[in-house]
Amino acid sequence: MNPRVRFAPSPTGLLHIGGVRTALFNWLFARHEGGEFLLRIENTDTSREVEESVDQIQRSLRWLGLDWDGEVEFQLDGLERHREAAQKLLAEGHAYEDEGAIRFRMPDEGATVWEDAIKGTISYPNEKLEDLVLLRSDGRPTYNLAAAVDDADSRITHVIRGEDHVPNTPKQIHILEALGRELPVYAHVPNVFGTDGRKLSKRHGAVSVEEFRAEGYVAPALMNYLALLGWSYDDRTTVMSRDELVERFGLERVGSSPATFDYEKLMWLNGVHLRELPAEVYAETLVAYLAEAGFDGDEETIRASAPLVQTKIATLAEYPSFAGFLFRRVAPPHELLDGAGDLLARAREALAGVEPFTAAVIEEALRALAEELELKPRQAFGPIRAAVTGSRISPGLFESLELLGREESLARLDAAIAVAA
RNA sequence: GCCCCCAUCGACUAGCGGCCUAGGUCACGGCCCUUUCAAGGCCGUAGCGCGGGUUCGAAUCCCGCUGGGGGCACCA
């Protein structure tokens with residue numbers, strides 16, 4: 001039988017990156033096994049529901065490429081089934097009425113033991129299990145009833161969820177057993193922490209998929225990074241495409257200890273994935289990102305500059321500060337120009353005569369100039385770079401000049417010469 | 001307080017009794033390349049929490065301790 005898994009967030013706030021990783025593990029497992037991945041919104045607590053949350057969850061999963069099978073399910077829609085289950089348990093003596101609510105009778109001896117697919121054998125003493133409310137006095141089902149019944153009704157074979165659910169598992173096991181339903185395999189994935197060892201939160205940096213997206217991360221990189229947070233393929237493989245992850249993922253290699261989210265490694269990985277993109281795709285990605293970010297610059301120039309920045313920036317968000325000079329003049333700090341008046345004037349002269357105004361010819365002319373002035377390339381090009389890009393750090397100088405065009409380049413040199421003098 | 005889980009470089013991890021002089025990746029340091037910044041190449045610093053066992057042999061198995069996390073609702 002093909003496995004069926006589900007990701008079951010509650011719509012009580014923004015979907016957190018830790019939850020996204022849980023979703024990813026479910027998805028990878030399903031796709032690897034040729035099974036199905038369901039999305040169920042656990043909205044039984046209407047009082048805590050955050051309106052926007054359901055959309056945000058779906059947007060996040062879609063952007064990451066975690067497609068689910070079938071329609072989104074809402075737990076609340078199963079209300080009648082949950083009530084029936086509670087009534088059945090009541091009728092068969094597994095539950096009893098208590099102040100208008102229906103409570104499940106938990107065993108108070110022995111232990112509940114299950115083989116967790118990630119953590120191994122877990123044993124939970126039954127005496128610690130309280131008789132839990134199945135149906136509230138107002139008739140609404142509680143989480144443990146609804147979750148257990150839904151998993152069974154959806155024929156979920158593997159419940160892969162966060163480890164905060166470990167204490168719920170024995171409860172759900174007893175409910176399912178009393179109902180005479182089949183038990184799924186449980187797999188509890190460890191937490192994700194921030195660098196201070198505390199739960200990852202806003203103060204550590206981005207925590208929602210949309211924030212990462214806005215910060216210029218791309219989906220394959222985030223997926224790759226998240227997969228590596230608690231799972232490994234072998235002792236040396238780090239960079240993996242979405243297809244490779246699907247092909248290689250398995251629950252057996254998910255670790256059982258919590259992991260710390262490392263923004264620096266994510267950034268590195270993002271750079272790796274960005275560099276691996278074919279030039280056209282990279283340009284496309286950059287243009288789309290900048291448009292969404294509200295960057296003010298013409299598409300043609302962005303596309304033309306894409307190859308100049310591809311190996312230089314690790315997130316798309318770095319583009320404006322790195323290549324912004326292509327769209328507007330940036331005044332260079334005086335110290336970068338000091339004493340370079342003559343050099344800049346000679347460079348202007350050289351560039352005025354370059355024909356055609358292309359990177360290769362420009363390079364030839366400027367190198368000849370440097371040689372003539374007996375300057376090392378770095379000494380000669382530094383001030384020119386500053387004059388044209390406004391910074392000490394920039395894409396390749398010759399390519400940048402070409403992109404800017406002769407007229408604009410000369411104008412910027414003129415301005416710098418005036419300042420340097 | 002009680003219950004459950006976890007424990008290898010700063011971080012992510014490989015390791016499932018001898019292959020370990022503990023491997024890979026990020027970060028960090030150095031060198032090379034180089035028009036800046038990157039990218040790339042080479043080299044390096046750095047780790048099995050502690051104490052007992054078991055065994056010819058332990059990072060690997062067992063016990064205790066310590067530390068960390070999670071959970072103890074008519075929340076999910």
Side-chain angles (χ1 to χ4, degrees), chain A residues 8-13 41-45 47-49 75 98-103 111-112 116 118-120 122-130 132-144 146-147 161-170 188 190-193 195 197-199 225 227-239 252-253 255-269 271-272 275 308-314 318 322 336 363 366-367 370 375-382 384-386 389 391-400:
Chain A
S10 63
T12 52
I41 306 292
E42 309 221 309
N43 61 340
T44 50
D45 185 1
S47 68
R48 291 205 309 157
E49 184 159 347
Q75 190 156 63
D98 176 28
E99 302 199 35
I102 295 182
R103 269 188 199 278
T112 305
D116 196 278
I118 290 173
K119 289 179 174 289
I122 297 182
S123 176
Y124 200 92
N126 288 337
E127 55 179 323
K128 298 296 169 190
L129 257 22
E130 285 182 12
L132 64 87
V133 170
L134 258 23
L135 272 194
R136 298 177 176 89
S137 46
D138 64 4
R140 291 155 52 226
T142 58
Y143 166 74
N144 279 298
R161 60 193 354 180
E163 72 177 343
D164 45 324
H165 282 287
V166 166
N168 288 326
T169 304
H188 291 94
N191 279 324
V192 176
F193 296 136
T195 38
R198 308 199 46 94
K199 238 182 166 170
Y225 179 72
L228 255 20
L229 214 49
W231 172 81
S232 64
Y233 175 57
D234 58 18
D235 64 336
R236 55 192 62 252
T237 311
T238 302
V239 180
E252 328 76 54
R253 293 194 63 88
S256 51
S257 53
T260 303
F261 196 98
D262 184 353
Y263 289 90
E264 285 187 291
K265 188 160 184 177
L266 201 215
M267 186 178 280
W268 167 78
L269 209 40
V272 172
R275 270 175 252 127
L308 308 194
V309 304
Q310 190 166 7
T311 60
K312 310 227 175 206
I313 61 179
E318 292 168 43
F322 192 71
L336 295 185
E363 175 167 6
L366 291 182
R367 283 196 189 279
L375 289 174
K376 287 183 176 172
R378 62 191 316 121
Q379 296 172 312
F381 303 152
I384 301 174
R385 161 176 284 106
T389 71
S391 168
R392 172 179 258 148
I393 300 164
S394 81
L397 178 58
F398 318 121
E399 293 79 2
S400 295

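Here is how names work: the chains are called A, B, and so on, in the same order as the sequence lines, proteins then strands, and each is numbered from 1. Worth knowing before you read on, the calculation uses all heavy atoms, side chains too, and leaves out hydrogens, waters and symmetry mates.
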Inset, instruction - For A:Lys376 and B:rU36, give me the distance from atom NZ to atom C1', rounded to whole Å. - result: 15 Å
Legend entry - Straight-line distance of A:Leu135 CG to A:Asp98 CG, nearest 0.5 Å: 12.5 Å
Inset, instruction - Hey, which sits more toward the 5' end of RNA chain B by its nearest nucleotide, A:Glu130 or A:Pro125? - result: A:Pro125
Inset, instruction - Provide, to the nearest angstrom, the distance between the CG atom belonging to A:Asp116 and the P atom belonging to B:rG70. - result: 18 Å
Legend entry - No-H, no-angle donor-acceptor pair, A:Arg385 side chain to B:rU35 base, under 3.5 Å: yes
Legend entry - d(CZ, A:Arg236; C1', B:rG15) in whole Å: 12 Å
Inset, instruction - Report yes or no: do A:His188 and A:Thr169 form a side-chain donor-acceptor pair below 3.5 Å? - result: yes
Inset, instruction - Please round to the nearest 0.5 Å and tell me the distance separating atom CG of A:Asn43 and atom CD of A:Gln75. - result: 7.0 Å
Legend entry - Distance, C1' atom - from B:rA27 to B:rC19, rounded to whole angstrom: 30 Å
Legend entry - Whole-Å P distance, B:rU8 and B:rC3: 25 Å
Inset, instruction - Return the nucleotide paired to B:rC2: Watson-Crick means purine N1 to pyrimidine N3 with N6-O4 or O6-N4, wobble means G-U with N1-O2 and O6-N3, both under 3.5 Å. - result: B:rG71
Legend entry - Same-atom distance (P) from B:rG68 to B:rG49, integer angstrom: 16 Å
Legend entry - Between CD1 on residue A:Ile313 and CG on residue A:Leu308, distance to nearest 0.5 Å: 10.5 Å
Inset, instruction - Send over the distance from A:Leu397 CG to B:rU34 P, rounded to a whole Å. - result: 17 Å
Inset, instruction - Give a yes-or-no answer on whether the side chains of A:Thr44 and A:Arg136 include a donor-acceptor pair shorter than 3.5 Å. - result: no
Inset, instruction - Find the distance A:Phe398:CZ to B:rC37:C1' and express it as a whole number of Å. - result: 14 Å
Legend entry - Of A:Thr238 and A:Gly396, the one whose closest RNA chain B nucleotide lies more 5': A:Thr238
Each nucleotide N or O in nucleotides 74-76 of chain B that has a protein N or O under 3.5 Å away: list the pair and distance.
from, atom 1, to, atom 2, distance (Å)
B:rC74, OP2, A:Arg103, NH2, 3.4
B:rC74, O2, A:Ser137, N, 2.9
B:rC74, O2, A:Ser137, OG, 3.2
B:rC74, N3, A:Ser137, OG, 3.3
B:rC74, N4, A:Glu99, O, 3.4
B:rC75, OP2, A:Arg136, NE, 2.0
B:rC75, OP2, A:Arg136, NH2, 2.3
B:rC75, O3', A:Arg136, NH2, 3.0
B:rC75, O2', A:Asp45, OD2, 2.4
B:rC75, O2', A:Arg48, NE, 3.3
B:rC75, O2, A:Arg48, NH2, 3.1
B:rA76, OP1, A:Thr44, OG1, 3.1
B:rA76, OP1, A:Arg136, NH2, 2.8
B:rA76, OP2, A:Arg136, NH2, 3.1
B:rA76, OP2, A:Tyr143, N, 3.0
B:rA76, O3', A:Glu42, O, 3.0
B:rA76, O2', A:Ser10, OG, 3.1
B:rA76, N6, A:Asn168, OD1, 3.0
B:rA76, N6, A:Asn168, ND2, 3.2
B:rA76, N1, A:Asn168, ND2, 3.1

Legend entry - Nearest-angstrom distance from the residue atom NZ of A:Lys128 to C1' of B:rG70: 16 Å
Legend entry - Watson-Crick or G-U wobble partner of B:rG49, both distances under 3.5 Å: B:rC65
Hey, what are the protein-to-nucleotides 7-14 of chain B N/O distances that come in under 3.5 Å?
from, atom 1, to, atom 2, distance (Å)
B:rA11, O3', A:Thr260, OG1, 3.4
B:rC12, OP1, A:Thr260, N, 2.9
B:rC12, OP1, A:Thr260, OG1, 3.1
B:rC12, O2', A:Leu228, O, 2.9
B:rC12, O2, A:Lys265, NZ, 3.4
B:rU13, OP1, A:Gly230, N, 2.7
B:rU13, O3', A:Ser232, OG, 3.4
B:rA14, OP1, A:Ser232, OG, 3.2
B:rA14, O3', A:Arg253, NH2, 3.3

Inset, instruction - Figure out the CD1/P separation between A:Ile122 and B:rG70, and round it to whole Å. - result: 16 Å
Legend entry - Separation of the C1' atoms in B:rG15 and B:rC65, to the nearest angstrom: 25 Å
Inset, instruction - Assess the side chains of A:Thr12 and A:Arg48: does a donor N or O sit below 3.5 Å from an acceptor N or O? - result: no
Inset, instruction - Could you grab the distance from atom OG1 of A:Thr260 to atom CG of A:Asn191, nearest 0.5 Å is fine? - result: 11.0 Å
Inset, instruction - Compare every heavy atom of A:Ala111 with every heavy atom of A:Ser123, then report the nearest pair and how far apart it is. - result: OG-CB, 3.7 Å
Legend entry - Nearest-nucleotide pick for A:Lys119, side chain only, options being B:rU36, B:rC5, B:rA27: B:rC5
Legend entry - B:rU35 versus B:rG29 - spacing of their P atoms, nearest Å: 23 Å
Legend entry - Euclidean distance, atom CD of residue A:Glu163 to atom P of B:rG68 [Å, nearest integer]: 16 Å
Inset, instruction - With P as the reference atom in both, quote the distance from B:rC61 to B:rC5 in angstrom, rounded to an integer. - result: 15 Å
Inset, instruction - Would you please say whether a donor-acceptor pair under 3.5 Å links the side chains of A:Asp45 and A:Ser47? - result: yes
Inset, instruction - May I ask which nucleotide in the shown strands pairs with B:rU55, Watson-Crick or G-U wobble, both distances under 3.5 Å? - result: none
Inset, instruction - Considering only atom C1', compute the distance from B:rU54 to B:rG64 and round it to an integer number of Å. - result: 15 Å
Inset, instruction - Have a look at A:Ser123 and say if it touches a base, only the backbone sugar-phosphate, or nothing, with a 4.0 Å heavy-atom cut-off. - result: sugar-phosphate
Legend entry - Rounded C1' spacing from B:rA39 to B:rU34 in Å: 11 Å
Inset, instruction - Any chance you could measure A:Glu49, atom CD, to A:Glu42, atom CD, to the nearest 0.5 Å? - result: 12.0 Å
Inset, instruction - Determine which nucleotide pairs with B:rA22, using a 3.5 Å limit on both distances of a Watson-Crick or G-U wobble pair. - result: none
Legend entry - Interatomic spacing from CZ in A:Phe381 to CZ in A:Arg367 - rounded to 0.5 Å: 5.0 Å
Legend entry - A:Arg378 vs B:rU36: side-chain N/O to OP1/OP2 distance below 4.0 Å: yes
